[in-house]
2 protein chains.
Amino acid sequence: MARSRAKDYDDKRLSMLHRAAELFAASGYVGTSMNTIADACGVSKALLYHYYPDKEAILFDLLSSHLERLVAAVRKASASAGDPVERLGMIVTTLLELYRHADAEHQVQIASLRLLPEQKQQPLLASERILVGIMSDALAAAVPAAKQKRVLKPLTMSVFGMLNWHYMWFREGGPMTRADYADFVVQLVLAGAEEAAAAVARPRSKAKPAGRSRQAALL
Amino acid sequence: MARSRAKDYDDKRLSMLHRAAELFAASGYVGTSMNTIADACGVSKALLYHYYPDKEAILFDLLSSHLERLVAAVRKASASAGDPVERLGMIVTTLLELYRHADAEHQVQIASLRLLPEQKQQPLLASERILVGIMSDALAAAVPAAKQKRVLKPLTMSVFGMLNWHYMWFREGGPMTRADYADFVVQLVLAGAEEAAAAVARPRSKAKPAGRSRQAALL
DNA sequence: CCTACCGATCGGTAGG
DNA sequence: CCTACCGATCGGTAGG
């Protein structure tokens, strides 16, 4: 009995978390009232406060659960792969696939994580750093040019840029699947990194190799 | 006299807009009170309401000015370039260079544009679409693979993903300049697009060419 | 009668 | 688990 009650409790809590994520994604964290969340979940505000001490705890638990899911899945993907290129592909595909049912959480992570007080941001930023580290290691192993000192960071962040931006334009049911876009990103990086590396790997200087597309005049 | 007064008025207005952008970027649109904005600008709240009828008008004017600046600069960059590759480089470099002094406005665009009522979003989304269109045209002209039916959109959005994400990691004064990263993105796309295109250009099917890094099992 | 501004306070709603 | 509330602060406006 206590078991089934605990299960109900967690089920309810997780469903409320997801509903809250959708509301935060639509109206922003501050723009969503506790009353709105309670109504949307079909519970009283008092019950909401039975699950969480305050509004901040909802945002924290939401992001914490989301990021821990991402870390676990990406770790598993990274471990299960054979060669480095396959590993990179697994990681990118896994991330895009997880976002399928966590679009709201993903948007809240981007827009509202920084609204938490620094102390509560800390463990969440640590999870983000773990994800970045796994991706970075995978890129360094799969892409020869990524081993260069100044290339790894911009390359890693470019990949996250492409992945984290996908929610702005990617629509389910179109001609392109998530796996297609994952493949697109991986191939872009594998085939383009060496040329791109030349743009940042050399020490900064005014003189540019002739024939390269560089707009020094503008800066 | 009337002229110089009008000039003061506009100077003051623009400086208040930028201050508001910084506050919105830090605490969110709803999380920033009119009192906070007025205090930060060193004016009374009544004066703030002399410049803008309500809080929404501040957000709208802020984003409207920002996007119009982007559109004007990108149009100019596009028109001034000679060959297609140079045009693409000019556009990407121009965007990253504009963000140097409009980081707050850029973040507000990403996080808070959608909080406006739909009718007020409309002209702002139209400006965004113009930017996307110019980038898309430049990519189609500079990158052979981008002429394929299903490649242009993901490629365009990948570029915007990389550029729009840069504020999360790029720090001024590091070993890499904005121009360096602009070049990095352009070279990545120029060198990698053809291989990436293969991932989305072919009709969807379960059978994949052997040797390609595809994780069908995961999906 | 106008525009540019002030100190003070309105009605309504937020998180708790 | 609900209704009834609170102290505080919100966006916006009053008279002058």
Side-chain angles (χ1 to χ4, degrees), chain A residues 1-2 4-17 19-24 26-63 108 111-112 115-117 119-120, chain B residues 1-17 19-63 108 111-117 119-120:
Chain A
M1 269 305 141
S4 100
R5 184 165 229 156
K7 191 187 178 308
D8 283 358
Y9 185 93
D10 268 14
D11 284 355
K12 206 163 195 169
R13 194 178 56 82
L14 288 173
S15 123
M16 291 189 328
L17 268 192
R19 198 77 195 81
E22 293 178 335
L23 295 169
F24 291 163
S27 308
Y29 169 66
V30 187
T32 305
S33 74
M34 290 295 269
N35 274 319
T36 302
I37 297 173
D39 288 354
C41 295
V43 302
S44 68
K45 197 162 63 168
L47 180 54
L48 199 54
Y49 275 98
H50 174 65
Y51 282 83
Y52 291 101
D54 52 38
K55 197 184 180 188
E56 229 172 67
I58 298 179
L59 178 58
F60 180 84
D61 194 21
L62 171 60
L63 293 176
V108 175
S112 302
L115 299 181
L116 284 168
Q119 203 183 330
K120 287 195 176 174
Chain B
M1 271 304 138
R3 259 238 165 271
S4 102
R5 184 163 228 157
K7 192 186 179 305
D8 282 358
Y9 185 92
D10 266 13
D11 285 354
K12 206 162 196 170
R13 194 177 56 82
L14 288 173
S15 123
M16 293 191 326
L17 268 192
R19 198 78 195 80
E22 293 178 334
L23 294 169
F24 290 163
S27 309
Y29 169 67
V30 186
T32 305
S33 74
M34 290 297 269
N35 275 319
T36 302
I37 298 173
D39 288 353
C41 295
V43 302
S44 69
K45 195 162 66 168
L47 179 56
L48 199 54
Y49 275 100
H50 173 66
Y51 282 84
Y52 290 102
D54 51 38
K55 196 184 179 187
E56 228 172 67
I58 298 179
L59 179 58
F60 180 83
D61 195 20
L62 171 60
L63 293 175
V108 175
S112 303
L113 191 155
R114 308 264 159 190
L115 298 180
L116 285 168
Q119 204 184 328
K120 288 195 176 173

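First the proteins, then the strands, lettered A, B, ... as listed; each starts at 1. All values derive from a computational prediction rather than experimental measurement. Every heavy atom of this structure was used, including side-chain atoms; hydrogens, water molecules and symmetry mates were not.
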Legend entry - Interatomic distance where NZ belongs to A/Lys45 and P belongs to C/dT13 [whole Å]: 13 Å
Legend entry - Nucleotide nearest B/Ser33 (side chain, heavy atoms from C-beta), chosen from D/dT3, C/dC6, D/dG11: D/dG11
Inset, instruction - For B/Thr36, answer base if it contacts any base atom (sugar-phosphate contacts may also be present), sugar-phosphate if it contacts only those atoms, and nothing otherwise; contact means non-hydrogen atoms under 4.0 Å. - result: nothing
Inset, instruction - Rounded to the nearest 0.5 Å, what's the gap from NZ on B/Lys55 to CD1 on B/Ile37? Could you check? - result: 6.0 Å
Legend entry - Spacing of B/Tyr29 atom OH and B/Leu115 atom CG [to the nearest 0.5 Å]: 8.0 Å
Inset, instruction - Rounded to the nearest angstrom, tell me the gap between atom CG in B/Asn35 and atom P in D/dA8. - result: 16 Å
Inset, instruction - From the options D/dG11, C/dG16, D/dT3, select the nucleotide whose nearest atom is closest to the side chain of A/Asp54. - result: C/dG16
Inset, instruction - To the nearest Å, give me how far apart CG (B/Leu48) and P (C/dA4) are. - result: 15 Å
Inset, instruction - Mind calculating the distance between CG (A/Asp39) and P (D/dT3) to the nearest angstrom? - result: 11 Å
Legend entry - Minimum heavy-atom distance B/Asp54-B/Met34, with the two atoms named: C-CE, 4.3 Å
Inset, instruction - Starting from C1' on C/dA4, measure out to OH on B/Tyr52 and report it in whole angstrom. - result: 16 Å
Legend entry - Side chains of A/Lys120 and A/Leu59 in contact at under 4.5 Å (non-hydrogen atoms): no
Inset, instruction - Take the protein atom CG of B/Leu59 and the nucleotide atom P of D/dG11, then report the distance between them rounded to whole Å. - result: 13 Å
Legend entry - Phosphate OP1/OP2 of C/dA4: any B/His50 side-chain N/O under 4.0 Å: yes
Inset, instruction - Provide the closest heavy-atom pair for A/Thr32 versus A/Leu23 in the form atom of the first, atom of the second, distance. - result: OG1-O, 3.3 Å
Legend entry - Distance, rounded to the nearest Å, where B/Tyr51 contributes OH and C/dA4 contributes C1': 8 Å
Inset, instruction - Among the candidates C/dC5, C/dG15, D/dG11, find the nucleotide nearest to the side-chain atoms of B/Leu47. - result: C/dC5
Inset, instruction - Can you tell me the distance, in whole Å, between the CD atom of B/Glu56 and the C1' atom of D/dC10? - result: 15 Å
Inset, instruction - May I ask you to verify if any side-chain N or O of B/Ser44 is less than 4.0 angstrom from the OP1 or OP2 atom of C/dC5? - result: no
Legend entry - Minimum-distance nucleotide (side-chain atoms of A/Lys55 versus C/dC5, C/dC6, C/dG16): C/dG16
Legend entry - Residue B/Tyr49, side-chain atoms from C-beta onward, closest of D/dC10, D/dT13, C/dC6: D/dT13
